[in-house]
Asker: 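Mind having a look at this structure? Questions to follow.
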Amino acid sequence: MDISICDSCIGCGRCVRVCPSLVFERAETGGSVVAVRPEACIRCGHCVAACPAGAVRHETFPPERVHAVDYASLPQPEALERLLAVRRSMRVFREEPVPDETLDRIVAAADRAPTATNARGLGYVVVTDTARLRAVIGFTLATFDPLVRLLGSRLVRPWLRPLMPGIYRYVKVFRRMRREWDERDVDRILRGATALVAIHAPKSSRFGAEDANLAYQNASLMAEASGVGQLYAGFVLTAVRRRKGVLERMLGLAPDRRIRALMALGLPRFRYPNSVDRAPAPVSRL
């Protein structure tokens, strides 16, 4: 890894303090900084982002990839609070597709999210083909069909219902979803979304799910800011967990990849005219 400190260094020591891998050292306060362990770098870019003098030379972040920040132009807390307040799941989409450039912007926002140890192991599949979206719906319903039959069995129900009361409320829901899909082509899985973003990570990643959901939050905020409706595809993700590797193969992923989050996207038929204050969660201060 090629990392060095050039003559413009002012000896502030910011790179020393922010580096998670102890790449940099400084002999004394105000003294020169040296990259003593470049091989330990995880390519997070903290050193380059923190340097006020542009003194860190890093092969992963050449000057054309480093941009000065205008903090005055960033959203103020009040604006961000309003965006968070209006962000809700959308279940009523228009038939027109989301423009490709908007989908690209949403995925790019997801990819800016932090990952554990800066592993950058996430990948994205953007599904807009109608036949593939229908296949995802079919896969999800087919995954739950055997479970619904089992839970509805006269032999099993008396034993399982007292033990799993929460899951039984979904039996009627899944029966209705299957019936409406078969008889009236009504989609209760993706709700008519015209795009699906699958966020995947290496199967071996210990923090793949956490990384994917951090990325999801970025994408969700960008979707809301772009006027795009989003829905966490929880039914599909549950089916993915029950039948490991099946949807991954359907989407052309390698055997060592696992889908960790799924976002359905579409142009909303309407935007919510009101924000609603939920009851606040309990907060402890210790």
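For the numbers below, each heavy atom of this structure counts, side chains included, while hydrogens, waters and symmetry mates do not. Here the structure is a predicted model, which is why all the values come from computation and not from measurement.
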Asker: Is there a side-chain contact between Leu103 and Thr128 in this structure, where contact means two heavy atoms from C-beta onward sitting under 4.5 Å apart?
Answerer: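 SC-SC contact between Leu103 and Thr128 confirmed.
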
Asker: In terms of hydrophobic clusters joined by side-chain contacts under 4.5 Å, are Tyr216 and Leu253 together?
Answerer: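 In one cluster with Tyr216: Leu253, yes.
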
Asker: Is there a donor-acceptor pair closer than 3.5 Å between any side-chain N or O of Arg132 and the backbone N or O of Val127?
Answerer: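 Not a single qualifying donor-acceptor pair exists.
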
Asker: Testing the basics here: between Pro38 and Val36, what is the closest heavy-atom pair and its distance to 0.1 Å?
Answerer: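 So the two residues come closest at CD-C, 3.4 Å.
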
Asker: Do Phe24 and Val34 have side-chain heavy atoms sitting under 4.5 Å apart?
Answerer: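 No, too far: nothing below the 4.5 Å cut-off.
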
Asker: What's the separation between atom CD1 in Ile3 and atom SG in Cys19, rounded to the nearest 0.5 Å?
Answerer: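 So the CD1 of Ile3 and the SG of Cys19 are separated by 7.5 Å.
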
Asker: For the residue pair Glu224 and Arg87, what are the closest heavy atoms and their distance?
Answerer: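 Between these two residues, the closest heavy atoms are OE1-CA, 3.4 Å.
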
Asker: Should Leu265 and Phe93 count as side-chain neighbours, where that means a heavy-atom distance under 4.5 Å?
Answerer: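 No. Closest side-chain heavy atoms not under 4.5 Å.
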
Asker: Nearest 0.5 Å, what's the CG-OG1 distance between Asp2 and Thr60?
Answerer: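 Rounded to the nearest 0.5 Å, the CG-OG1 separation comes out at 9.5 Å.
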
Asker: Going by heavy atoms in the side chains, are Arg26 and Val33 under 4.5 Å from each other?
Answerer: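 Yes. Closest side-chain heavy atoms under 4.5 Å.
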
Asker: Please assess Glu25 against Arg37 for the test side chain to side chain contact (heavy atoms under 4.5 Å, CB included), listing each intermediate value before the final yes or no.
Answerer: CA-CA 9 Å; Glu25 284 187 3; Arg37 282 180 289 274; 3.2 Å; yes

Asker: Should we count CD of Glu39 as having more than 12 external heavy atoms under 6.0 Å?
Answerer: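 Yes.
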
Asker: Between CG of Asp111 and CG of Leu122, what distance do you get to the nearest 0.5 Å?
Answerer: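 With rounding to 0.5 Å, CG (Asp111) is 7.5 Å from CG (Leu122).
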
Asker: Side-chain contact, heavy-atom cut-off 4.5 Å: Thr194 with Glu96?
Answerer: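 Heavy-atom side-chain distance check fails, nothing below 4.5 Å.
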
Asker: Tell me the ring pair (Phe, Tyr, Trp, His ring centres under 6.0 Å) pairs involving residues 46-84, sequence neighbours left out?
Answerer: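 Passing the test, one end in residues 46-84: His58-Phe61.
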
Asker: What do you reckon, is CZ of Arg112 surrounded by more than 12 foreign heavy atoms closer than 6.0 Å?
Answerer: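 Not more than 12 within 6.0 Å, no.
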
Asker: Just verifying a value: how many Å separate Arg188 CZ and Thr140 OG1, rounded to the nearest 0.5 Å?
Answerer: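 Output value for this atom pair is 15.5 Å.
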
Asker: Do Leu190 and Ile137 come close enough that some side-chain heavy atom pair is under 4.5 Å?
Answerer: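 Answer yes - side chains close enough.
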
Asker: Hey, does the side chain of Arg269 reach the backbone of Arg91 with a donor-acceptor pair shorter than 3.5 angstrom?
Answerer: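 Checked: no pair found.
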
Asker: Report whether Val136 and Trp181 are members of the same hydrophobic cluster (ILVMFWY, side-chain heavy atoms less than 4.5 Å apart, transitive linking).
Answerer: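 In one cluster with Val136: Trp181, yes.
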
Asker: Would a single hydrophobic cluster contain both Phe235 and Val246, if residues Ile, Leu, Val, Met, Phe, Trp and Tyr are joined by side-chain heavy-atom contacts under 4.5 Å?
Answerer: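 Yes, Val246 connects to Phe235 through the hydrophobic network.
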
Asker: Within a 6.0 Å radius of atom CZ on Arg43, are there more than 12 heavy atoms belonging to other residues, nucleotides or ligands?
Answerer: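 Atom CZ in Arg43 is not crowded, with 12 or fewer foreign heavy atoms closer than 6.0 Å.
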
Asker: So, for Met1 and Cys41, which heavy atoms are closest and what is the spacing to 0.1 Å?
Answerer: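 It is CG-CB, 4.1 Å.
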
Asker: Please report the C-alpha distance between Phe139 and Val240 in whole Å, then the side-chain angles of each, then the deciding distance to 0.1 Å, and finally whether the side chain to side chain contact (heavy atoms under 4.5 Å, CB included) criterion is met.
Answerer: CA-CA 9 Å; Phe139 155 78; Val240 166; 4.2 Å; yes

Asker: Would you list the atom pairs, donor with acceptor, under 3.5 Å between side chains in residues 195-214 and any protein atom, with sequence neighbours excluded?
Answerer:
residue, atom, partner, partner atom, Å
His200, ND1, Arg257, NE, 3.0
His200, ND1, Arg257, NH2, 3.1
His200, NE2, Tyr124, N, 3.4
Ser205, OG, Phe207, N, 3.4
Ser205, OG, Gly208, N, 3.0
Asp211, OD1, Ala116, N, 3.0
Asn213, OD1, Tyr232, OH, 3.3
Asn213, ND2, Ala209, O, 2.9

Asker: Minimum heavy-atom separation for Ile5 to Ala35, with atom names?
Answerer: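 Taking every non-hydrogen atom into account, CG1-N, 4.5 Å.
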
Asker: Hey, what's the ring geometry for Phe144 with Phe174, parallel, tilted or perpendicular (30° and 60° as the breaks)?
Answerer: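 Aromatic pair Phe144/Phe174 classed parallel.
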
Asker: Are Val18 and Val16 connected in a single hydrophobic cluster, I mean Ile/Leu/Val/Met/Phe/Trp/Tyr linked by side-chain heavy atoms less than 4.5 Å apart?
Answerer: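 Result: no, two separate clusters.
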
Asker: Does one hydrophobic cluster hold both Leu231 and Leu133, with members joined at side-chain heavy-atom distances below 4.5 Å?
Answerer: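 Leu231 and Leu133: separate clusters.
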
Asker: For the CG atom of Leu83 and the OG atom of Ser275, what is their distance to the nearest 0.5 Å?
Answerer: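 OG of Ser275 is found 11.5 Å from CG of Leu83.
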
Asker: State, with a plain yes or no, whether a side-chain heavy atom of Val171 is found less than 4.5 Å away from one of Arg175.
Answerer: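 Yes. Closest side-chain heavy atoms under 4.5 Å.
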
Asker: Find the distance between SG (Cys12) and CZ (Arg17) and round it off to the nearest 0.5 Å.
Answerer: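 Answer for the SG-CZ pair, Cys12 versus Arg17, is 6.5 Å.
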
Asker: Taking atom CG as the centre, does Asp182 end up with more than 12 heavy-atom neighbours from other residues, nucleotides or ligands that are less than 6.0 angstrom away?
Answerer: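 Yes, because the 6.0 Å sphere around CG of Asp182 holds more than 12 heavy atoms from other groups.
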
Asker: With the side chain counted from C-beta on, respond yes when Met177 and Val186 share a heavy-atom pair under 4.5 Å apart, and no when they do not.
Answerer: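 Not in contact.
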
Asker: Measure from the side-chain N and O atoms of Arg57 to the backbone N and O of Gly54, and report whether any donor-acceptor pair falls under 3.5 Å.
Answerer: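 Flag set: sc Arg57 to bb Gly54 pair under 3.5 Å.
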
Asker: Taking all heavy atoms of Ile189 and all of Asp187, pick out the closest pair and write down the distance.
Answerer: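 Taking Ile189 first and Asp187 second, the nearest heavy atoms are N-OD1, 2.8 Å.
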
Asker: Looking at Pro52 and Ile10, what are the two nearest heavy atoms and their distance?
Answerer: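 That would be CG-CD1, 3.9 Å.
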
Asker: Can you tell me if Arg94 uses its side chain to pair, donor with acceptor, with the backbone of Pro268 under 3.5 Å?
Answerer: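 Yes.
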
Asker: Thr143 and Arg242: side chain to side chain donor-acceptor pair (under 3.5 Å), yes or no, with the steps?
Answerer: CA-CA 8 Å; Thr143 298; Arg242 290 188 64 85; over 6 Å; no

Asker: Tell me whether Ser226 contacts the main-chain N or O of Met222 through its side chain, where contact means a donor paired with an acceptor under 3.5 Å.
Answerer: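 Looks like yes, one N/O pair under 3.5 Å.
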
